[in-house]
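Side chains are part of it too, since the values below use all heavy atoms of this structure and drop only hydrogens, waters and symmetry mates.
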Amino acid sequence: MVSLHKMLNEFLDDYNTVQKNTMNLVFFSDAIDHLSRVARILAQPRGSALLVGVGGSGRQSLTNLACEILEYKKFSITVTKGYGPSEFREDLKTIMYEAGVTGTPIAFCFSETHIVHPSFLEDINSLLSDGTIPNIWQPEDKIRIVENMRKVLKGLRVVETSANCMKYFQQRLRDNLHMVISLSPASEAFRAKLRDYPALLNCVTIDWYSDWPSDALRAVATRLLSTTKLLKDTPTETPGALVDACVLVHKTVAETAAEFLSTMRRHVYITPKTFLDSISLYLVLL
């Protein structure tokens, strides 16, 4: 575990030196479990993951780090005004071409915030089950694929027919394009999506993100509170007591939210993100 911690911190440092959006992660046991699962799923040919958990549970951060560990290219769509099915298909064509022709391993990350049109899930369902999307390739696209695949087939010593080119393109595409779909189970829509698009369930490996345990909360609070200079000059027991207080507040609110649900039939979601925000707010006030 000690060497694993050291290795993961080195990967995190590498990620932060390359990327603009740096991440400050604490590797408690649950986080290591989830990170290992995502990395193992993506390392398999045709491996795709369904990450189920409420927002702020660390799905995106751990996927980013898993891609850094595996040296995969990470891709996700940018939803802008006027972004629709045709723009989505153009984005998919770009990564499908790259995965199939150049053989680049790509992790395509897709979350609930990206579903601006129902056809997006339909296309992803087709990609997961068949490895292609009906009518996505125009005749000129197919000509370009065949021309570029001839070099690949030459290296593999396979007859360079158009049918072989498309067949091997399809195989490489399925092996190199990995889907990471993040969905929240916090609404009835989750059940409806899985019912309507069965490949989201049958063609992926599911990783369920539950609430952080007390030791995870404690580890994160200790890291965040130890960075402030105001607490470094205080007696040693004060930060420990503060960590206990942070964990107690979070746990108590979660218990009260469960009680509120049973009495009033109304959900109040307490996520790891709210825990991090409460500590950040405390440090600002301090």
Same apolar cluster (I L V M F W Y, side chains within < 4.5 Å links), Leu276/Leu62: no

Ser162/Lys167 under side chain to side chain contact (heavy atoms under 4.5 Å, CB included): CA gap, chis, key distance, verdict: CA-CA 9 Å; Ser162 296; Lys167 179 187 165 189; over 6 Å; no

Derivation and outcome, salt bridge (charged side-chain N to carboxylate O under 4.0 Å, His left out), residues Glu160 and Lys151: CA-CA 9 Å; Glu160 300 159 35; Lys151 303 168 199 166; over 6 Å; no

Side chains of Asn202 and Tyr197, donor plus acceptor under 3.5 Å: no

Non-hydrogen atoms of His178 and Leu42 that approach each other most closely: CE1-O, 3.1 Å

Check against side chain to side chain contact (heavy atoms under 4.5 Å, CB included), Phe275 and Ile270: CA-CA 8 Å; Phe275 179 67; Ile270 311 299; over 6 Å; no

Stepwise side chain to side chain contact (heavy atoms under 4.5 Å, CB included) test for Tyr209 and Val52: CA-CA 6 Å; Tyr209 287 67; Val52 184; over 6 Å; no

Electrostatic pair Asp244-Arg218, nearest N-O below 4.0 angstrom: yes

Evaluation steps, salt bridge (charged side-chain N to carboxylate O under 4.0 Å, His left out), between Lys74 and Glu68: CA-CA 9 Å; Lys74 179 178 168 287; Glu68 172 69 27; over 6 Å; no

Between Arg46 and Asn176, a side-chain donor and acceptor under 3.5 Å: no

Proximity of Phe120 and His114 rings by center, below 6.0 Å: no

Ring-face cation of Arg144 near Tyr97 (centre distance under 6.0 Å, axis angle within 45°): yes

Within 6.0 angstrom of Glu140 CD, more than 12 heavy atoms from elsewhere: yes

hydrophobic_cluster_shared for Ile69 and Phe28, side chain cutoff 4.5 Å: no

